[in-house]
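Fair warning: this is a prediction, and the values are worked out from it, not measured in the lab.
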Amino acid sequence: MKVVIVGGVAGGATAAARLRRLDEQMEIIMVERSDYISYANCGLPYYIGGSIEDEKALTLQTPESFYHRFRIDVRTHQEVTKINALEKTVTIQNLENHTTYVESYDKLILSPGAKAILPPIDGVTHDNVFTLRTVEDTFKIHDYIQNHEVKKAVVVGAGFIGLEMAENLKEKGMDVTVVQLLDQIMTPLDKDMAAIVQNYLKHQGIELLLETSLTKIIKKDEDTWAVLDNHKEIACDMILMAVGVQPDSQLAKTAGIALGIKGAIKVNAHMQTNIEDIYAVGDAVEVKHFITQKDTLISLAGPANKQGRIAADHICGINSRYKGSQGSSILKLFDMQIAATGLNEKEAQTADIDYDYAIITSASHATYYPEAKNMYLKVLFDKADGTILGGQIVGYDGVDKRIDVLATAIRAKMTAYDLTELDLAYAPPFSSAKDPMNMIGFVIENILTDKVKQIHWSDVKDDEKAIILDTRTQLEYQRGHFPNALHIPLDELRERLIDLDQDKEIQVYCQSGLRSYLACRILSQHGYVCKNIAGGYGIYQQIEENKVMQSTGMRPCGIDEK
């Protein structure tokens, strides 16, 4: 059998290696238009920033090493320009000498990936305007910084690449402004969790302009200016366009292969397209969301690797199936860690799921062990049975292992009750006896079993029908509180029940939600109607600080990692 693979990196290279492991006699040809068949795409910003110093570390396999290990015919600087599905051939152009030739195949795997979106605005082709998608892009940016005095940079787009580049450029001593069209950064996050990150970015000296778009790039003498839709102009030395990617599916389209969302290639669970003997994998394909089973587009390295393996399996007669993506991802920003998996609120609403969420603040490990740091955990669950639908975590330590637990729970279709029973590793430097994953399970269990009713900060209203009750200490209350909140410390509550009107709903909060939960248990057993304000004052404070930051441009105060 002869298999031709179009494109390398995560999907194509994985498929090629898997094919060879399964069939030593198979003829395998990989055609890659660049010079790099397998590289660490996610590590590119860190080479620019200097965290990764050796450029060779970015290259996982070279054409030579791939051939020596797997005996795969790798053809770099060559591009497949046409697919003839009836004759089962591809036309290939040699990009070095511009000659073309035809290659036959028994099976064809398309792994063209995605390409950076470059908006059609004036000035976008200037030599100091960049995108970051390939190794070549990385070296181009790196060399420009090395050879020019770059003091100010504008990053357009606040997704993963945009924020990673903002961090790395800032670490190189530049003044960095991030311009974001949406009203928040990082669309996998809900607005309340994004607010925490936005405050932190400002604290790190990153200028963040939300609900703002770049309209054009102009040159004034030797200076470059980014012109925004509010008519503001920002002087800068370089601009990075990181507004997103789109599937590179033109080859598939011209071959008559069916396309779906945003032009992504439609495939079935075996990664087969609608044309016989043609498969597609990676960032160019449309997938099913694991939770909703709706068509979606998720461009991540993990799914691409799995899809390459599944396509190779099916070609070799193994009935492997791709069961869907859930978008598990994590980002490092300076000392902060931000992670998400599964559905966020917007996605749950679009899917018409009857959901709720719990949000807590929890220490990364035992608080009596040095350097415990807070993390914010938000977990969405199905109100009917407590099935975990998605989650987001923002913190400074231990975020990665908690999001992986949550991702595993979603894949196993576990419920909040299952989270309470997880037997997780514990020692003071790593966790608490009740891990944050157990704690978020307990909180959701209490909601599901009606031991406590909750209200979200956005639904809290200061009116005559309710009393907003602050159960924190006097010092905490003096530092800041909900408007018109009545202050009764938790330890004084039983003796001061007379101060509360039993005909009104009591909406209770503390800093993180634990003390207010205890207060609600006391109040409900004394005949009061009580609701716990989810996330406590900590989340409310972050959101209010973010509002101030966006309206005034001031740096927020009170950002505390401990």
Do L163 and M186 make a side-chain contact, defined as non-hydrogen atoms from C-beta onward lying under 4.5 Å apart? yes
State the CD1-CG distance between I330 and D404, to the nearest 0.5 angstrom. 7.5 Å
Any side-chain heavy atom of I206 within less than 4.5 Å of one from V178? yes
Residues K170, E207: salt bridge by 4.0 Å N-O rule: no
Check for a donor-acceptor pair, side chain of Q198 on one end and backbone N or O of I185 on the other, with a separation under 3.5 Å. yes
Hey, does the Lys NZ or Arg CZ of R69 hover above the aromatic six-ring of F66, less than 6.0 Å from the centre and inside 45° of the axis? no
For D295, is there an ion pair with K288 - N to carboxylate O distance below 4.0 angstrom? yes
Decide yes or no for Y322 and P303: does some side-chain heavy atom of the first lie under 4.5 Å from some side-chain heavy atom of the second? yes
Polar side-chain atom of R402 near backbone of G398 as donor-acceptor pair, under 3.5 Å: yes
Using 4.0 Å as the upper bound for N to carboxylate O, is an ion pair formed by K2 and D106? no
Under the criterion salt bridge (charged side-chain N to carboxylate O under 4.0 Å, His left out), which of E171, E167, E164 is the partner of K332? E167
Does NZ or CZ of K378 come closer than 6.0 Å to the centre of the six-membered ring of Y357, within 45° of the ring's axis? yes
Assess whether a salt bridge exists between R75 and E103, defined as any Lys/Arg side-chain N lying under 4.0 Å from an Asp/Glu carboxylate O. yes
Should D248 and K253 count as an ion pair when the cut-off is N to O under 4.0 Å? no
Heavy atoms of I275 and A255 approach each other most closely as CD1-O, 3.3 Å
Around atom CG of N97, are there more than 12 heavy atoms from other residues, nucleotides or ligands closer than 6.0 Å? yes
Would you call the rings of H314 and H270 parallel, tilted or perpendicular if under 30° counts as parallel and over 60° as perpendicular? parallel
